[in-house]
Amino acid sequence: MSPMGPKATLNEAWTNPPRRRLAGLARITDSQGKVLVLLSGRGRTWLLPGGMAIAGETAADAVRYQIRRKLRLHVEVGPAIAIDHVTANREDGAAEGINIVFECGELSAAQIASISLPPAREGREPEILKYTFMGHEELMENVPQWRRAMAAEAATVARVGIPYLEDGKPVSNRAA
């Protein structure tokens, strides 16, 4: 059965689409080609930087905003290099989602040294506990099973990627 009911018409799906999550994630590397990952304070898991888009925000905008907020860095969003459609989880109520990983380039030593993690809110765990750069083998050992394929793509993909369009136009590095 579809989320729209027994059988949604194209018009109904267009005007009243099913609930979905959208996230933008980043492949950011160091000079050795290792991939930046963040240790989440919520699940104590290593994840690619980025996060969920809010209503009206694109995946590329979410990457820019989340990296600026979580790491105090400005990144140039390049082509999409992996797209993951995540099915709905009836057990925990999570809506289906689309995760897009973007090539965001290599950080200089000075940029890496300038990374500043956000402080914990009063009475809460920090959102990000720490960051590091991992090669392919380390990613496969440390990233949760449900994220391994995406992390593997981020660790090994050529920087060419695939075009990511917003409203039919290539993403530019406009200010978020």
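These values consider heavy atoms only, across backbone and side chains, with no hydrogens, waters or symmetry-generated copies.
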*Min side-chain heavy-atom separation Leu38-Leu71 under 4.5 Å*: yes
*asked:* Measuring from atom CE of Met140 to atom CE of Met134, what distance do you get when rounded to the nearest 0.5 angstrom?
replied: 10.0 Å
*Say whether Val37 and Met52 are linked into one hydrophobic cluster, either directly or through other cluster members, by side-chain heavy-atom distances under 4.5 angstrom.*
no
_Can you give me the closest heavy-atom contact between Ile81 and Arg27, atom names plus distance?_
CD1-CD, 3.3 Å
_Using every non-hydrogen atom in the two residues, find where Ala62 and Gly24 come nearest and quote the distance to one decimal._
CB-N, 4.4 Å
*May I ask you to decide if Gly135's main-chain N or O and Glu138's side chain share a donor-acceptor pair within less than 3.5 Å?*
yes
_Run the side chain to side chain contact (heavy atoms under 4.5 Å, CB included) test on Glu76 and Phe102 for me, step by step, so that the C-alpha distance in whole Å, both residues' side-chain angles and the decisive distance to 0.1 Å come before the verdict._
CA-CA 10 Å; Glu76 298 291 326; Phe102 295 94; over 6 Å; no
*asked:* Does any part of the side chain of Gln32, heavy atoms only, come nearer than 4.5 Å to the side chain of Phe133, both counted from C-beta?
replied: no
*Which pair of non-hydrogen atoms, one from Leu36 and one from Pro49, has the smallest distance, and what is that distance?*
O-CD, 3.3 Å
*Which atom of Val101 lies closest to which atom of Ala26, heavy atoms considered*: CG1-C, 4.3 Å
*Between Gly50 and Lys70, which heavy-atom pair has the shortest distance, and what is it?*
O-NZ, 2.7 Å
_Would you say that more than 12 heavy atoms from the other residues, nucleotides or ligands in this model lie under 6.0 Å from the CZ of Arg42, or not?_
no
_Please report the interatomic distance CD(Gln66) to CD1(Ile128), rounded to the nearest 0.5 Å._
9.0 Å
*Taking only Lys NZ, Arg NE, NH1 and NH2, and the carboxylate oxygens of Asp or Glu, determine whether Glu125 and Arg44 approach each other closer than 4.0 Å.*
yes
*Could you give the distance from CD1 (Ile83) to CD1 (Ile98), rounded to the nearest 0.5 Å?*
8.0 Å
*asked:* To the closest 0.5 Å, what do you measure between CG (Leu39) and OG1 (Thr45)?
replied: 7.0 Å
*Would you check if Val35 and Ile28 make a side-chain contact, meaning some heavy-atom pair closer than 4.5 Å?*
no
_Please give me the minimum heavy-atom distance between Leu25 and Val63, naming the atom from each residue._
N-CG2, 3.4 Å
*In Å and rounded to the nearest 0.5 Å, what is the CG to CG distance from Asp61 to Leu22?*
10.0 Å
*Is Thr29 close to Glu106 at the side-chain level, that is, under 4.5 Å between some pair of heavy atoms?*
yes
*Measure the CG-SG distance between Leu48 and Cys104 for me, rounded to the nearest 0.5 Å.*
10.0 Å
